[in-house]
Amino acid sequence: MTITDSPRSFTGRPEFENLGDAIARASRRVPKRRLEPEVTIVVPAKNEAENLRLVLPELPPVHEVLVVDGHSHDDTLQAAHEALPGVRVIQQTRRGKGNALACGFQAASGDVIVMFDADGSADPAEIPRFVDALVGGADFAKGSRFTAGGGSHDITALRAAGNSGLNRLSNTLFSGGFTDLCYGYNAFWRDLVPGLALPPVFDPPGQAMAWGDGFEIETVINCRVAALGLWITEVPSVERKRIHGETNLRTFSDGGRVLRTLVAEWQRVGRQRRTRRFGELLPPEASSAVRGSLTADSGMRGSLTAVVRRGGGLGGRA
């Protein structure tokens, strides 16, 4: 990972960075796949001021840390700047974790993007493992609590059972080898962002949460990475307990959204297979770039199946 210089101390009144300007600046930095990648840590946060004061100082020095505020009612903005001088803070355009991550992905300027929760459940010491997996050849590094070396101090029995059922369904529909579908600790090369085809961040909000803007975002990303035939490495991860406050996750409603997401993404891939038009899953501006990344290293990547490996070995192939 590229290490940054020591940040200057924070003084003055913080302000949100303009999202449009941030996206424009990021677009001028072409991401590169290299042995020493610049890393952007994207941290979605809503009313997480207390946690950010503890979590942000633990992060390793990287190219940039980007906090995406979810229209918080506490002092998340102030806390972020005080906890980590030099942090970038933007505000999401709509509501929901999915929209926050999509805004962060668009504003990120590093070569690698790490998805990192603000509640203290993700262990910052594991970040180098994710980056090493990418540098070692993976397109997508998928955190897993249920592979050898992983674990959780936070998940309830009900959520674990639901995750297990959804995981089995996912692997059946996509002929995959995931062990932890719903875990949000992941990393990937930034050049894959256009291929994920997430909901446009500047679309106006509606009365109902837009599809892909909620906690189903991890499932959307996992399904689309698998459908693109990318190389996925599962990284063992131990989930810690949330430090302060209560989770914004709602077990039954968000579980229902994940279930509907699996069905919708399976139908999406089915339409693509029937038409035999690979570019149909991608926005026009993304097609050539992602096709190139799929075929540059191996003919295997041109298929609609993903290779999932665990701990460097072949975990499963559709």
Side-chain angles (χ1 to χ4, degrees), residues 1-10 14 17 22 26 29 31-45 48-69 76 79-90 100-101 104-105 107-145 149-154 183-193 218 233-244 311-312:
M1 293 186 296
T2 298
I3 304 300
T4 59
D5 296 329
S6 298
R8 297 185 301 272
S9 59
F10 170 73
E17 185 176 340
R29 293 179 60 96
K32 299 177 181 179
R33 298 198 179 198
R34 45 188 166 182
L35 294 178
E36 292 288 337
E38 294 182 337
V39 176
T40 297
I41 302 175
V42 175
V43 186
E48 298 283 8
E50 289 184 278
N51 289 326
L52 288 176
R53 290 190 174 95
L54 299 173
V55 169
L56 294 184
E58 289 188 317
L59 294 177
V62 293
H63 169 63
E64 62 184 1
V65 176
L66 183 58
V67 173
V68 187
D69 176 67
T76 287
H81 281 283
E82 290 176 351
L84 185 65
V87 68
R88 299 174 59 200
V89 186
I90 60 174
L101 286 172
F105 297 167
S109 64
D111 303 309
V112 164
I113 294 175
V114 177
M115 299 162 53
F116 194 88
D117 285 347
D119 59 7
S121 60
D123 185 353
E126 295 176 353
I127 290 177
R129 296 185 199 170
F130 288 85
V131 178
D132 287 347
L134 297 176
V135 172
D139 297 301
F140 189 85
K142 174 82 183 77
S144 175
R145 298 162 291 185
S152 176
H153 300 291
D154 187 64
Y183 195 38
Y185 199 174
N186 307 305
F188 56 93
W189 294 102
R190 181 163 68 97
D191 60 16
L192 298 181
V193 170
E218 284 100 355
T233 293
E234 286 200 325
V235 178
S237 177
V238 177
E239 182 183 33
R240 308 189 299 188
K241 281 187 173 293
R242 162 181 275 273
I243 303 173
H244 295 293

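Note that the structure is predicted; figures quoted are calculated from it, not measured.
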Worksheet entry | Side-chain donor/acceptor of R145 to backbone N/O of S152, under 3.5 Å | no
Discussion item. So, taking the atom named CG in L52 and the one named CG in D119, what distance separates them when rounded to the nearest 0.5 Å?
Written reply: 10.0 Å
Worksheet item: Residues in side-chain contact (heavy atoms from CB on, under 4.5 Å) with E17, at least two apart?
Response: A22, R25, R88, I90
Worksheet, complete the sentence: side-chain contact (heavy atoms from CB on, under 4.5 Å) filter on S144, not counting sequence neighbours, yields F146, T147, T179, D180, E234
Worksheet item: Within a strict 4.5 Å, meaning less than it, do heavy atoms of the T233 and F140 side chains meet?
Response: no
Response to the item:
Distance col, row L192:CG vs D139:CG, nearest 0.5 angstrom, shows 5.5 Å
Discussion item. For H153 versus K241, what's the shortest heavy-atom pair and its separation?
Written reply: O-CG, 3.0 Å
Item to complete: Taking side-chain contact (heavy atoms from CB on, under 4.5 Å) as the test, write out the residues that go with A122, two or more places apart.
Response: F116, Y185
Worksheet item: What's the verdict on side-chain contact (heavy atoms from CB on, under 4.5 Å) for R242 and N51, showing C-alpha distance, side-chain angles and the deciding distance?
Response: CA-CA 8 Å; R242 162 181 275 273; N51 289 326; 3.4 Å; yes
Practice prompt. State, to 0.1 Å, how close P31 and G110 come at their nearest heavy-atom pair, and which atoms those are.
Written response: CB-O, 4.3 Å
Response to the item:
Between S109 and R29, the two heavy atoms sitting closest are O-NE, 3.3 Å
Item to complete: Applying salt bridge (charged side-chain N to carboxylate O under 4.0 Å, His left out), name anything that partners D69, two or more places apart in sequence or on another chain.
Response: none
Fill in: side-chain contact (heavy atoms from CB on, under 4.5 Å) partners of V193, counting only residues at least two apart
F105, Q106, I113, F188, R190
Worksheet item: Under 4.5 Å between any side-chain heavy atoms of K142 and N186, yes or no?
Response: yes
Worksheet entry | Between S121 and E239: side-chain donor-acceptor atoms closer than 3.5 Å | no
Worksheet item: Going by an N to O cut-off under 4.0 Å, is there a salt bridge joining R240 and E126?
Response: no
Item to complete: For residues A187 and F130, report the shortest heavy-atom separation together with the two atoms involved.
Response: CB-CB, 3.8 Å
Discussion item. When you compare the side chain of R53 with that of H244, does any pair of heavy atoms fall below 4.5 Å?
Written reply: no
Worksheet item: Sub-3.5 Å donor-acceptor pair from the side chain of W189 to the main-chain atoms of V135, do we have one?
Response: no
Worksheet item: Looking at CG of D191 and CZ of R33, how far apart are the two atoms once the value is rounded to the nearest 0.5 Å?
Response: 4.0 Å
Worksheet entry | Least distance between heavy atoms, G104 atom then L66 atom | O-CD2, 3.4 Å
Response to the item:
Output for pair (E48 CD, L54 CG), nearest 0.5 Å, gives 11.0 Å
Item to complete: Quick one: pull up CG in L56 and NE2 in H81 and give me the separation to the nearest 0.5 Å.
Response: 10.5 Å
Practice prompt. Of all the heavy-atom pairs spanning A118 and P44, show the shortest one and how long it is.
Written response: CB-O, 3.5 Å
Worksheet item: Under 4.5 Å between any side-chain heavy atoms of V235 and D132, yes or no?
Response: no
Practice prompt. Could you list the residues that satisfy side-chain hydrogen bond (donor to acceptor under 3.5 Å, both in side chains) with T76, not counting sequence neighbours?
Written response: S72, D74
Worksheet item: Should E38 and D111 be marked as a side-chain contact (heavy atoms from CB on, under 4.5 Å) after you check the CA-CA gap, both sets of side-chain angles, and the distance that decides it?
Response: CA-CA 5 Å; E38 294 182 337; D111 303 309; 3.6 Å; yes
Worksheet item: Rounded to the nearest 0.5 Å, how far apart are CG of D123 and CD of E58?
Response: 7.5 Å
